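Worksheet: the structure to be examined is printed underneath.
When reading the values below, keep in mind they use all heavy atoms of this one structure, side chains included, and skip hydrogens, waters and symmetry mates. Quick caveat, the model's predicted, so the values are computed rather than measured.
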Amino acid sequence: LSADKTTTISLPLAALFDPEAHRSARFVFTPRGVAETADVNNEFTIYTGGSSELRFTKQPEDVTAQEGEDVSFEAEVAGGVKPYAYQWQVFNPRTGEWVDLPGFTGPTLNRKDIEKKWDGCKFRCVVTDAAGTQIISQEVTLTIRGGVDTGDPATCRCIWRSRWSP
């Protein structure tokens, strides 16, 4: 197996494990990678690489923009087991929860023609590697120059009053 590649191996796991007693199996190959399967009758994949801990090499930063400008946030990671899955989230101040932004699944969150009503919105990026290790970036704030600052984070209406879409 070579680093940063995946290999799928078909293995009759039912011959190794009693399917009535074991519904899944997880194989760990340290420090080179991880393999796992959801069902004893399925194939499993060995993910090689992963010799260092998954970490951010670039955290997203706060952005200040004028209404109508394009904005972007960027996160970069290294280590862990490739490939990486990215999911950008926005904070919902009414529920106190982070909400996934559908379609924003890359290392960069871009938005064209930003509107004043998104002033004060907070974002973060959740990254998961192929082994299932998850890290979360620092939260960042979008500030729109000329926006009305009420001092109340609940005024962030970027996903409840308008669609935030790629």
For Trp88 and Gly106, indicate whether the former's side chain and the latter's backbone hold a donor-acceptor pair under 3.5 Å.
-> yes

- Query: Please walk me through it: do Phe73 and Arg111 pass side chain to side chain contact (heavy atoms under 4.5 Å, CB included)?
  - Reply: CA-CA 9 Å; Phe73 298 98; Arg111 179 68 178 159; over 6 Å; no

In short, Thr57 meets Ala78 closest at the heavy-atom pair CG2-CB, 3.6 Å

Side chains of Ile144 and Ile114, heavy atoms from C-beta outward: is any pair under 4.5 Å? yes

Tracing side-chain contacts under 4.5 Å among Ile, Leu, Val, Met, Phe, Trp and Tyr outward from Ile136 reaches Val126

The complete set of side-chain hydrogen bond (donor to acceptor under 3.5 Å, both in side chains) pairs with one or both residues in residues 60-73, sequence neighbours excluded, reads Gln66-Arg145

Between Val90 and Trp98, is any pair of side-chain heavy atoms under 4.5 Å apart? no

Taken in chain and number order and not counting sequence neighbours, the residues that satisfy side-chain hydrogen bond (donor to acceptor under 3.5 Å, both in side chains) with Thr133 are none

What do the steps show when you test Gln87 against Thr105 for side chain to side chain donor-acceptor pair (under 3.5 Å), and what is the final call? CA-CA 5 Å; Gln87 179 60 65; Thr105 55; 6.0 Å; no

- For the side chain of Gln59 and the backbone of Gln138, is there at least one donor-acceptor N/O pair under 3.5 Å apart? yes

When every non-hydrogen atom of Phe104 is compared with those of Asn110, the smallest separation belongs to CE2-O, 3.3 Å

Residues passing the side-chain hydrogen bond (donor to acceptor under 3.5 Å, both in side chains) test with Gln89, sequence neighbours excluded, are Asp100, Arg124

> Does a side-chain N-to-carboxylate-O contact under 4.0 Å join Glu53 and Arg55?
Replying inline: no

For Ala65 and Val71 the tightest heavy-atom approach is CB-CG1, 3.5 Å

Nearest heavy-atom approach of Pro60 to Ala75 is CD-CB, 4.2 Å

Given Phe123 and Thr141, is the side chain to side chain contact (heavy atoms under 4.5 Å, CB included) satisfied, shown in steps? CA-CA 6 Å; Phe123 301 91; Thr141 302; over 6 Å; no

dist Gln134:CD -> Thr128:OG1 (nearest 0.5 Å) comes out at 4.0 Å

Excluding Tyr86, membership of its hydrophobic cluster (Ile, Leu, Val, Met, Phe, Trp, Tyr; side-chain heavy atoms within less than 4.5 Å) reads Leu54, Phe56, Val77, Tyr84, Val127, Ile135

